[in-house]
Amino acid sequence: MADAKPLSMPVGATGVLVLASGEILWGRGFGAEGDAVGEVCFHTAMTGYQEIMTDPSFAGQIINFTFPHIGNVGANPDDIEADDPHALGMIVREDVTEPSNFRSTEHLDAWMAKHQRIGLSGIDTRALTRRIRLGGAPNGVIAHSKEGKFDLDALLEKARAWPGLEGMDLAVTVSCETHFGWEGGVWKLGAGYDTSRPAAKRPQVVAIDYGSKRNIFRNLVKAGADVTVLPATATFEQVMAFNPDGFFLSNGPGDPAATGEYAVPVIRQLLETGKPLFGICLGHQLLGLAVGAQTTKMFQGHRGANHPVKRLEDGAVEITSMNHGFAVERESLPEGVRETHVSLFDGSNAGIALTDRPAFSVQYHPEASPGPQDSLYLFERFVGMMA
């Protein structure tokens, strides 16, 4: 469809997704009213929609959930990875129902409205997922109007004018503004988050926040580290002022090549110290760039909580949580860098390690939230390297 056509609007439609191609998907809006433009991607997780929506790596993206029943768990103040959602909106198959979980404190509709995020239900999410798989992740506008009034031509123009994620540095928009010390460990049923403070001296980690999830820091604490978080634009001198025993490079949104303009020179200096370094997701891509590899935009990306990854050192398969639209090119890995993990979905690179320095990274999210916990050992490995 070349242009947006209002004649196809069904009776009772209060929400719409307008793709840059001109395709229009009508549905029922929930959450906040208004519109938002970004990249439309799909996510295959069956649980954890609140954690997904608050993952800073989803800045600039609209999430199409493949699991049809989203919202029946409700919302609560524990299942968040940042104070506010970073995903622009969500697309779901079934209408959001009343919460049916003992931990729920709020309806998902109300939670979305409170945080100014738009939801769209009644969409054939399988068909949209297939469209993304065949045609790549498109730019689009999600819109909600309780009165069903939409300026489709204006929405289409907005979708077509949005430049896309390639070349876009979003880490600076979601990073913390100043340094802070992280406190608290992981969550346990019936006990909440661990707030105990170990008395023994622990390895000091400086985590550079490119758009980090909180459960990363919780798992670093659980593994035995003290964590200080610094902004994405922190200099080498600012990092070293905390006398760290190791460095952590967080996940985050946007194009790693754009973020790398200021991040890569710092990472190269950190590598020269010879201290352990661990990167996740965007941090993995930035480490790759720092050692001379290249990154590229993926056709559809990997987003889900069921991605199989092969660990090359022993052939074991880890089921992982993934959220990325860029990847490190295997063919560009230089001498002194070995591949450690491979995606079993498409064979793309999922991990690297330096052979002459204690530095490694993975493309997936070992902290889960949501997802399996097969890869938590990586936090213990990193902390062990510092010890």
Side-chain angles (χ1 to χ4, degrees), residues 19-21 38-45 52 55-66 86-88 91 125 128-140 162-171 174 210-211 213 249-260 263-264 279-310 318-333 337 339-352 361-366 371:
L19 302 182
S21 61
E39 181 181 88
V40 183
C41 61
F42 66 87
H43 202 290
T44 60
I52 294 166
D55 181 350
S57 294
F58 274 117
Q61 294 179 300
I62 301 164
I63 305 173
N64 174 53
F65 283 97
T66 61
H86 287 280
L88 298 170
I91 301 167
T125 52
L128 180 56
T129 297
R130 180 173 174 79
R131 187 252 184 252
I132 295 171
R133 283 179 56 85
L134 295 176
N139 296 343
W162 195 67
L165 292 177
E166 196 162 6
M168 188 176 291
D169 173 30
L170 291 175
V174 299
Y210 302 112
K213 292 171 63 181
L249 311 178
S250 85
N251 62 296
D255 189 336
T259 303
V264 163
I280 286 174
C281 200
L282 178 59
H284 163 72
Q285 297 158 4
L286 292 173
L287 176 60
L289 291 172
V291 297
Q294 297 177 347
T295 57
T296 57
K297 181 81 163 61
M298 302 178 74
F299 184 66
Q300 66 183 33
H302 291 166
R303 298 172 184 92
N306 55 353
H307 284 248
V309 167
K310 183 177 181 179
E318 303 171 27
I319 305 301
T320 70
S321 178
M322 285 195 176
N323 172 18
H324 62 103
F326 293 81
V328 174
E329 286 291 322
R330 172 184 298 106
E331 293 75 13
S332 70
L333 293 176
V337 180
E339 187 172 46
T340 59
H341 298 77
V342 175
S343 166
L344 292 182
F345 273 169
D346 61 7
S348 60
N349 172 262
I352 61 174
S361 60
V362 292
Q363 183 59 80
Y364 51 92
H365 286 258

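Both backbone and side-chain heavy atoms feed into the values below; hydrogens, waters and symmetry mates do not.
Atom CD1 of residue Ile280 and atom CG of residue Leu286 lie 13.0 Å apart, to the nearest 0.5 angstrom. From Thr66, atom OG1 reaches atom CD1 of Ile132 across 10.5 Å, with rounding to the nearest 0.5 Å.
Taking all atoms of both residues into account, the shortest heavy-atom contact from Gly211 to Ser250 is N-OG, 3.6 Å. The minimum heavy-atom distance between Val174 and Ala59, with the atom names listed, is CG1-CB, 3.9 Å. In this structure, Leu282 and Pro253 approach most closely via the heavy-atom pair CD2-O, 3.8 Å. For the residue pair Ala293 and Val328, the shortest heavy atom distance occurs at CB-CG1, 4.1 Å. Considering every non-hydrogen atom in both Ala350 and Val309, the closest pair reads CB-CG1, 4.0 Å. Contact record, Leu333 with Asn349: CD1-ND2, 4.4 Å, taken as the closest heavy-atom pair.
Judged as a side-chain contact (heavy atoms from CB on, under 4.5 Å), and not counting sequence neighbours, the contacts of Ser57 are Asp55, Asn251, Asn323, His365. A search for side chain to side chain donor-acceptor pair (under 3.5 Å) contacts involving Thr129 returns Asn64, not counting sequence neighbours. In this structure, Arg133 has no salt bridge (Lys or Arg N to Asp or Glu O under 4.0 Å) partners at least two apart in sequence or on a different chain. Remark: Ser332 engages no residue in a side chain to side chain donor-acceptor pair (under 3.5 Å) (not counting sequence neighbours). Scored by the salt bridge (Lys or Arg N to Asp or Glu O under 4.0 Å) test, Lys297 finds Glu39 as partners (sequence neighbours excluded). With sequence neighbours excluded, no residue forms a ring-ring contact (aromatic ring centres under 6.0 Å, His included) with Phe299. Applying the salt bridge (Lys or Arg N to Asp or Glu O under 4.0 Å) rule to Glu329 yields no partners; only residues at least two apart in sequence or on another chain are considered. Partners of Arg130 by side chain to side chain donor-acceptor pair (under 3.5 Å), not counting sequence neighbours: none found. His43 is linked by a side chain to side chain donor-acceptor pair (under 3.5 Å) to nothing, counting only residues two or more places apart in sequence or in another chain. By the ring-ring contact (aromatic ring centres under 6.0 Å, His included) test, Tyr364 pairs with His341, sequence neighbours left out. Remark: Asp346 engages Met298, His302, Ser343, Ser348 in a side-chain contact (heavy atoms from CB on, under 4.5 Å) (not counting sequence neighbours).
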Gln363 and Gln285: CA distance, side-chain angles, deciding distance, side chain to side chain contact (heavy atoms under 4.5 Å, CB included) verdict: CA-CA 7 Å; Gln363 183 59 80; Gln285 297 158 4; 3.2 Å; yes

Side chain to side chain contact (heavy atoms under 4.5 Å, CB included) evaluation trace for Phe58 with Ile52: CA-CA 8 Å; Phe58 274 117; Ile52 294 166; 3.4 Å; yes

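Annotation: side chain of Val40 is in contact with side chain of Ile91 (closest heavy-atom distance under 4.5 Å). At a threshold of 4.5 Å between non-hydrogen side-chain atoms, the residues Ser361 and Leu249 do not count as touching. With contacts defined as side-chain heavy-atom distances shorter than 4.5 Å, the pair Cys281/Tyr210 does not qualify. The shortest side-chain heavy-atom distance between Ile63 and Arg303 does not fall under the 4.5 Å cut-off. Side chains of Phe65 and Thr125 form no contact here, defined as non-hydrogen atoms less than 4.5 Å apart.
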N/O donor-acceptor pairs under 3.5 Å from side chains in residues 163-170, not counting sequence neighbours:
| residue | atom | partner | partner atom | Å |
| --- | --- | --- | --- | --- |
| Asp169 | OD1 | Ala171 | N | 3.3 |
| Asp169 | OD1 | Thr259 | OG1 | 2.8 |
| Asp169 | OD1 | Tyr262 | OH | 3.2 |
| Asp169 | OD2 | Tyr262 | OH | 3.2 |

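By the 6.0 Å contact criterion, CD on Gln300 is enclosed, its count of non-hydrogen atoms from other residues, nucleotides or ligands being greater than 12.
Checked by atom type and distance alone, the side chain of Arg330 never pairs as donor or acceptor with a backbone atom of Val342 at under 3.5 Å.
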